[in-house]
Each structure stands twice: as C-alpha cells, then as structure tokens.
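Have a look at the structure below before the remarks.
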Amino acid sequence: MSRKIIIDTDPGQDDAVAILLALASPENVDVLGITAVAGNVPLPLTQKNARIVCELAGKVNVPVFAGCDAPLKRKLVTAEHVHGKTGLDGPQLADPTMPLQDKHAVDFIIDTLRHEPPGSVTLCPLGPLTNIATAFVRAPEIAGRVREIVLMGGAYFEVGNITPAAEFNIYVDPEAADIVFRSGVPITVMPLDVTHKALTTAPHVAGFRAMGTDVGRMVAEWTDFFERFDKQKYGSAGAPLHDPCVIAYLIEPALFSGREVNVEIETQSELTMGMTVADWWGVTAREKNAMFMGDLDADGFFGLLTERLARL
Ligand code: RIB
Ligand code: CA
C-alpha cells in the first residue's frame, strides 16, 4: 500500500532527483501534489522547475502548485551560488508546457489534509518550511491530521552549510521551522549529518549516464554541476544528494539510522540563527520531538536510486 505524500520543494538539482525517485516509485509513494516554495531560487523558478521535472518523468498529471514567495518574517536568501541562476543549471532545459495549478500551495495542503482520512498523508518538505508553517498557522486543526513529516533540513555534528551554525533550509525561514518543530506532528529529519554521506562519487554518476535515458543523462549533468560547491567547500568526493534521502526513507527506512531527540530552532541570535539545536546526548529534559537521522547505507541508497531512476 503506497503512502500518500505531498512534496514541498525548492528545485534545486537535488530536489529534482528526489521528485524523480518518488515519481518512479508508485508502489511506495502516491504523490498527491507538488508544492513549490521560494528557497534555492525565487518562487517563479521553483514552480517552473517542479513542472520541468514532472515532464521529464513523463508524469504531467501530477498537480504542481506555487506557494509562498518569501519567508514568514525575513528577507529571502537564495542559493544560486550552489544551484546556478535557474536552480537546475547543468543541462539545457526546455520550458514546461504542463500548467501550474491556480490554487495556492498552502490552500492545497490545507484542503488535502482536511479531506484525506486523518493520519493518511505524509508531508515531505525539501526546502524552507514556509508553506508548511503557513498552513499550520492558517488551519491549526490540520496538524493533528498529518501522518508524519519527513524533511530534509538541519544539522548537528555537521554544523552549517550556509552559515557556520545553520543548514540552508532552516536558515532561510527559522520562524517557520520553529512552528513545524513545535507542532506535535511526528517528524523524521534528514540533516546534513546523513545527507553528506550520500555523495555522488564518479562511479555513481557513471551509473546514471550508463542508463542511456534522458533521466540518467539529466541526473548526471545535474550532479556534475551541483557537486562543485561541496567539492570546493568540503573537498568531498561528490555532490551530497540531500533531498532524495527523504524519499528513499519512505521506500526503504532500513537504509537509515538515527535517534529520537529534542530539536529546537534558534530564532533569536543572529550569530546562530537557524541552528537546529539537537539534544543528541540527552543532557536536557526537553521533550523528544524528532527522529534525527545520523547514518545511511550509502551503497544501498545508490542501488535503490539507480534501480528506480532507470524505470523512467
Ligand atoms: O542544505 C541543503 C538543502 O538546501 C537542500 O534541500 C537543497 O536543495 C537546498 O534546498
Ligand atoms: Ca531543496
């Protein structure tokens, strides 16, 4: 029985691979809709990129919605230095022809959670949490109807990738993250601690190219482009596939291991703004509110990813 999910996203090359993995896995996930949010690049680009990816997967019936174009309280910070000006730099891409839905993404999230059976929908945020938090503020009763939130964001042992203390998705909208982490919804977190172990090394990229499909070629060209930032900054052996970890968890949770801990979000200090303060060692009595992942079977992850992408 596949899980009903909403993917909330700011494509971004790694978001694109996550969306492809989900659309290639109908026996595991039923994508009710894709909601775009401002993040890696501004909203006009993230909603366009989400449609480009759906068309690449040949899944033009998946409804794509545009959501919030700025964080709750702060000026938007984007990441063109990582993802390029379009957000999907690497290959040449044609404009999408599938339509954008008229309904606002936040209204789609609220309506879906109100109409689907309680506890049947999983939210999969892959970018800043602005859409999710806005939905919870506008319709507080829907939080109790969410099965689980599985999100990419935060860091503890890996510390920050946009500031010394904060990971990008949380840093862009820390107030939104604070609302989500205090919502009481069961949360599974894919932080940099685990996504930095999902590196697209040369053999993996060669495996994408060896598929001989448009999808394989696109993913190889996206990861070739996307890895520059992390190779230069961390000297890593490839691009960290952050967002696909969320979808891989839904398909094969045993690939991941972590710990139930308390996670709170810094929203006051400019020095540590957006930091996910995870009580990994249980030194406080704060309530445990998140499964915080720390380790990954990287070979199993790439085996799953390659097998599924080859279906498209
Ligand atoms: O810090 C990594 C996260 O920020 C990923 O989701 C990437 O797509 C960007 O949104
Ligand atoms: Ca993302």
Side-chain angles (χ1 to χ4, degrees), residues 6-22 34-43 45-50 52-53 64 67-68 71 76-90 105 123-132 149-174 176-177 180 188-200 219 222-223 225-231 233-234 236 238-249 265 273-276 292-293 296:
I6 295 174
I7 297 176
D8 190 71
T9 179
D10 63 336
Q13 290 89 348
D14 61 316
D15 302 68
V17 179
I19 294 167
L20 291 172
L21 177 58
I34 295 176
T35 52
V37 68
N40 285 321
V41 287
L43 182 68
L45 286 173
T46 56
Q47 59 89 343
K48 173 183 167 187
N49 293 343
I52 287 173
V53 177
V64 175
C68 299
L76 178 63
V77 170
T78 52
E80 285 88 349
H81 62 292
V82 177
H83 301 277
K85 194 159 172 33
T86 70
L88 288 182
D89 281 26
L123 301 179
C124 300
L126 309 179
L129 291 163
T130 316
N131 286 343
I132 310 300
I149 293 174
V150 185
L151 66 87
M152 190 278 142
Y156 185 59
F157 296 100
E158 279 293 282
V159 291
N161 63 356
I162 185 80
T163 73
E167 177 279 325
F168 179 79
N169 287 340
I170 308 299
Y171 177 74
V172 169
D173 199 340
V180 170
T188 297
V189 182
M190 294 291 163
L192 297 179
D193 303 50
V194 76
T195 68
H196 278 181
K197 295 173 182 172
L199 298 176
T200 56
V219 170
W222 278 330
T223 48
F225 180 88
F226 174 55
E227 72 178 15
R228 307 152 11 272
F229 171 78
D230 290 82
K231 272 188 166 176
K233 175 170 185 156
Y234 297 100
S236 51
L241 281 184
H242 306 289
D243 295 336
C245 289
V246 167
I247 306 301
Y249 170 79
I265 311 297
M273 183 59 64
M275 182 174 183
T276 45
F292 200 81
M293 292 300 183
L296 160 77

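Both ligands and their constituent atoms are indexed starting at 1 by order of listing. All values below were derived from every heavy atom in this structure, side-chain atoms included, with hydrogens, water molecules and symmetry-related copies excluded.
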Within reach of ligand 1, part of V82 (heavy-atom separation under 4.0 Å): neither

P164 side chain near V159 side chain, heavy-atom distance below 4.5 Å: no

Closest protein heavy atom to atom 4 (O) of ligand 1, given as residue, atom name and distance to 0.1 Å: N169 OD1, 3.2 Å

Atoms of ligand 1, numbered as shown, that sit under 4.0 Å from any heavy atom of D14: 5 (C), 6 (O), 7 (C), 8 (O)

N, O or S from L126 under 3.0 Å to the Ca ion (ligand 2): yes

Closest D10 atom to the Ca ion (ligand 2) [N, O or S only]: OD1

Proximal atoms of ligand 1 relative to D15 (non-hydrogen, under 4.0 Å): 8 (O)

Option of least heavy-atom distance to atom 2 (C) of ligand 1 (set: E167, H83, Q13): E167

Donor-acceptor pair, side chain of N40 and main chain of G87, under 3.5 angstrom: no

Non-hydrogen side-chain atoms of L88 and V41 separated by less than 4.5 Å: no

Ligand 1 versus I162: contacting region, heavy-atom distance under 4.0 Å: neither

Main-chain N/O of E80 paired to T78 side chain as donor or acceptor, under 3.5 Å: no

Contacting atoms of ligand 1, where contact means under 4.0 angstrom from a heavy atom of H242: 2 (C)

Flag, side chain of T46 to backbone of V37, donor-acceptor distance under 3.5 Å: yes

Geometry at the Ca ion (ligand 2) - D243 OD2 versus D15 OD1 angle, rounded to 10 degrees: 70°

Note, P191 side chain near Y156 side chain (heavy atom, < 4.5 Å): no

Donor + acceptor pair across side chains of T35, D8 (<3.5 Å): yes

Donor-acceptor under 3.5 Å (Q13 side chain, D89 main chain): yes

Which of the ligand 1 atoms, numbered from 1, are nearer than 4.0 Å to a heavy atom of M152: 2 (C), 3 (C), 5 (C), 6 (O)

Which of the ligand 1 atoms, numbered from 1, are nearer than 4.0 Å to a heavy atom of F168: 1 (O), 4 (O), 9 (C), 10 (O)

Whether D10 side chain and A38 backbone form a donor-acceptor pair below 3.5 Å: no

For atom 9 (C) of ligand 1, closest protein heavy-atom neighbour: N40 OD1, 3.1 Å

Closest protein heavy atom to atom 6 (O) of ligand 1, given as residue, atom name and distance to 0.1 Å: D243 OD1, 2.7 Å

D10: numbered ligand 1 atoms lying under 4.0 Å from its heavy atoms: 10 (O)

E167 side chain near T276 side chain, heavy-atom distance below 4.5 Å: no

Min N/O separation L126 to ligand 1 under 3.5 Å: yes

